[in-house]
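A quick write-up on the structure given underneath.
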Amino acid sequence: MSNNPLDKPSVIIAAILGSAIGALFYNVLPLYLGMLQEYRGIDNVGIGFVGFIFFLGWNVITLSAFFWIRRFNWQVIAAICSLLAVLSLMVTAWLFSYYGLLLAVFVTGGACSGIYGLCTTVIGDTSQAARWFGLKIAAEGALGAILFLVLPSLVIADYGFNGLTLALGVVVLLLSPALFYLPSQGNKNVGTTTINHNAESSRNETAKKAIYLMLGATLLWFCGQTIMWSFVERIGSAAGHSSEEVGNVLAACLAAAMSGSIVATFIGDRFGTLQPFMISSALFLLACPVIMDSHVFSSYLIGATLVMFSVGLGIPYCFSIVAALDKDGRYTILAVPAIGVGMMVAPGLAGTLSADGSYGLLVSAAGLLVILGMGLSVLSLRSAKDHHLNSV
């Protein structure tokens with residue numbers, strides 16, 4: 001039996017369900033923006049800015065959480081964020097002012113990221129972080145898939161955009177009681193002092209360097225992955241495949257991402273954390289030349305699903321590597337804005353790289369960013385091992 005109080009099944013399940021709540025709006029963002037445009041008549045620029053505002057709220061909260069995540073009661077944080085998420089989602093059904101909508105979406109982004117970052121920190125404090133990060137990512141995808149299947153026919157068809165926002169608020173409300181099972185605090189000590197202050201200070205500085213390198217690796221790696229994912233539908237359409245065929249590929253991609261996370265759940269850290277991360281990166285690089293032959297439907301299908309399988313497999317290890325390096329527990333949450341910044345930058349970069357209608361430069365840039373992420377992750381863990389900071 002583990003002596004770690006955060007290894008309790010109730011705590012782990014609460015953190016996984018909380019992560020699904022936190023990722024809810026992001027996972028249905030394409031549907032949300034599409035319905036917003038259809039029912040409110042907002043142009044493409046306005047719709048794009050709504051997405052930007054969501055990520056702005058997301059990153060503001062998770063970046064600032066570095067300073068407060070270990071200082072306040074986690075159950076109180078979860079309660080406040082879940083309440084704000086419910087209210088900000090539901091209020092948009094009655095907000096017809098564009099600027100009021102932006103404010104609500106900003107609050108939604110901040111509230112969702114607060115829950116997501118908190119639950120990421122909880123899982124990072126468990127004894128088998130790699131395994132539970134894998135299950136966490138799979139649960140997030142599963143909830144998104146269920147909502148994509150249910151909402152269009154049961155909600156949007158009859159109640160439109162207003163019904164969609166109210167339904168999302170209800171989902172958060174129904175799942176949020178699980179957050180009461182989160183602990184009030186973690187099990188990593190911030191600012192622990194030791195007798196040999198100089199030696200400890202040196203180790204802390206080395207640990208910070210390793211963590212920052214891994215956070216940089218995460219940002220670059222996820223930016224490369226998102227560049228590909230954000231335009232995978234366009235790549236298929238440009239190759240001449242029907243909307244039905246492209247839709248089937250996107251559905252297969254979602255299943256592949258969930259499969260990758262489930263594999264990470266079963267593997268855990270039995271092979272360390274760097275090796276599975278490198279394998280996931282290699283799979284992405286293998287997918288790049290395959291998807292370039294996308295006029296052949298089988299190549300398009302295999303390339304796109306490999307991309308998303310690599311995302312599902314790799315992201316849990318991005319989190320778990322940072323968590324393993326983070327001895328005082330303050331830095332794990334920074335993996336959330338590292339991913340958020342990658343998500344925010346990638347679509348615009350992808351559009352710029354494919355402005356001429358071809359996708360070769362886009363795919364090449366995505367592969368290069370993943371390679372750079374791999375390089376930084378190796379430097380990070382080499383620095384950690386040289387100073388005996390962890391056993392990844």
Side-chain angles (χ1 to χ4, degrees), residues 4-27 57-59 61-66 68-86 89 108-144 168 171-188 218 222 258 261 264-265 312 315-324 326 329-340 343:
N4 186 345
L6 273 69
D7 287 341
K8 293 179 181 178
S10 59
V11 172
I12 293 169
I13 292 171
I16 289 170
L17 289 176
S19 293
I21 293 172
L24 172 67
F25 190 85
Y26 168 74
N27 281 333
W58 177 281
N59 289 322
I61 294 301
T62 47
L63 282 169
S64 67
F66 171 79
W68 52 258
I69 194 64
R70 298 279 173 177
R71 298 179 183 274
F72 298 106
N73 185 296
W74 286 358
Q75 293 174 341
V76 173
I77 294 172
I80 293 173
C81 288
S82 58
L83 178 61
L84 287 174
V86 171
L89 282 168
T108 300
C112 288
S113 71
I115 298 170
Y116 192 88
L118 174 60
C119 293
T120 297
T121 303
V122 171
I123 294 175
D125 278 12
T126 64
S127 301
Q128 299 185 58
R131 171 167 294 171
W132 304 131
F133 277 130
L135 189 57
K136 160 181 142 46
I137 302 296
E140 294 164 13
L143 180 60
L168 293 176
V171 171
V172 175
L173 190 63
L174 291 176
L175 292 178
S176 58
L179 299 175
F180 289 112
Y181 290 93
L182 292 174
S184 59
Q185 61 182 11
N187 61 3
K188 292 185 177 179
T218 299
F222 200 75
M258 291 172 58
S261 297
T265 301
I315 284 295
Y317 290 102
C318 289
F319 282 121
S320 59
I321 291 171
V322 174
D326 184 14
R330 289 191 301 161
Y331 294 87
T332 301
I333 196 170
L334 292 180
V336 179
I339 289 174
M343 289 191 297

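A quick note: this is a predicted structure, and the numbers were derived from the prediction, not measured. The analysis underlying the following values was restricted to heavy atoms, covering all of them including side chains, and did not include hydrogens, waters or symmetry mates.
How far OG of Ser82 is from CD1 of Ile77: 11.5 Å, rounded to the nearest 0.5 Å. Atoms CE and OG1, on Met258 and Thr265 in that order, are 10.5 Å from each other to the nearest 0.5 Å. Atoms CG and CG, from Leu334 and Leu63 in turn, are 7.0 Å apart once rounded to the nearest 0.5 Å. Distance OG1/Thr332 to CG/Asp125: 7.0 Å, rounded to 0.5 Å. Taking CD1 of Ile13 as the reference point, atom CH2 of Trp132 lies at 8.5 Å (rounded to 0.5 Å). Here the CD1-CD1 distance, from Ile137 to Ile315, works out to 6.5 Å after rounding to the nearest 0.5 Å.
Side-chain contact between Leu24 and Leu143 is present, with heavy atoms from C-beta onward closer than 4.5 Å. Counting heavy atoms from C-beta outward, Ile333 and Thr120 have side chains that stay 4.5 Å or more apart.
Contact detail for Ala138 and Ser261: the closest heavy-atom pair is N-CB, 3.5 Å. Closest non-hydrogen pair, Ala335 versus Thr218, comes out as O-CG2, 4.4 Å. Heavy-atom minimum distance, Ser320 versus Ala129: CB-C, 4.3 Å. Nearest heavy atom pair, residue Asn59 against residue Gly340, reads OD1-CA, 3.4 Å. Closest approach of Ser19 and Ile123 over heavy atoms only: OG-CD1, 4.5 Å.
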Checking side chain to side chain contact (heavy atoms under 4.5 Å, CB included) for the pair Leu168/Thr108: CA distance, chi angles, key distance, verdict?
CA-CA 11 Å; Leu168 293 176; Thr108 300; over 6 Å; no

For Val11 and Asp7, what are the C-alpha separation, side-chain angles and deciding distance, and is it a side chain to side chain contact (heavy atoms under 4.5 Å, CB included)?
CA-CA 7 Å; Val11 172; Asp7 287 341; over 6 Å; no

Using the rule given for side chain to side chain contact (heavy atoms under 4.5 Å, CB included), can you reason through Leu17 versus Tyr181, listing the C-alpha separation, both sets of side-chain angles and the distance that settles it, and then say yes or no?
CA-CA 11 Å; Leu17 289 176; Tyr181 290 93; over 6 Å; no

Run the side chain to side chain contact (heavy atoms under 4.5 Å, CB included) test on Thr126 and Arg131 for me, step by step, so that the C-alpha distance in whole Å, both residues' side-chain angles and the decisive distance to 0.1 Å come before the verdict.
CA-CA 10 Å; Thr126 64; Arg131 171 167 294 171; over 6 Å; no

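A search for side-chain hydrogen bond (donor to acceptor under 3.5 Å, both in side chains) contacts involving Ser10 returns nothing, not counting sequence neighbours. With sequence neighbours excluded, the residues that form a ring pair (Phe, Tyr, Trp, His ring centres under 6.0 Å) with Phe25 are Tyr32, Phe54. Taking Val86 as the reference, Met90, Val172, Leu173 meet the side chain to side chain contact (heavy atoms under 4.5 Å, CB included) condition, with sequence neighbours excluded. Remark: Ala139 engages Ile16 in a side chain to side chain contact (heavy atoms under 4.5 Å, CB included) (not counting sequence neighbours). With sequence neighbours left out, Tyr317 forms a ring pair (Phe, Tyr, Trp, His ring centres under 6.0 Å) with no residue at all.
No donor-acceptor distance shorter than 3.5 angstrom exists from the side chain of Gln185 to the backbone of Trp74, with no hydrogens or angles considered.
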Can you give me every donor-acceptor pair (side chain of residues 111-119, partner residue at least two apart or in another chain, under 3.5 Å) with its distance?
unit_1, atom_1, unit_2, atom_2, d
Ser113, OG, Trp58, O, 3.1
Ser113, OG, Gly109, O, 3.2
Ser113, OG, Gly110, O, 2.9
Tyr116, OH, Lys136, NZ, 2.8
Tyr116, OH, Glu140, OE1, 3.3
Tyr116, OH, Glu140, OE2, 3.2

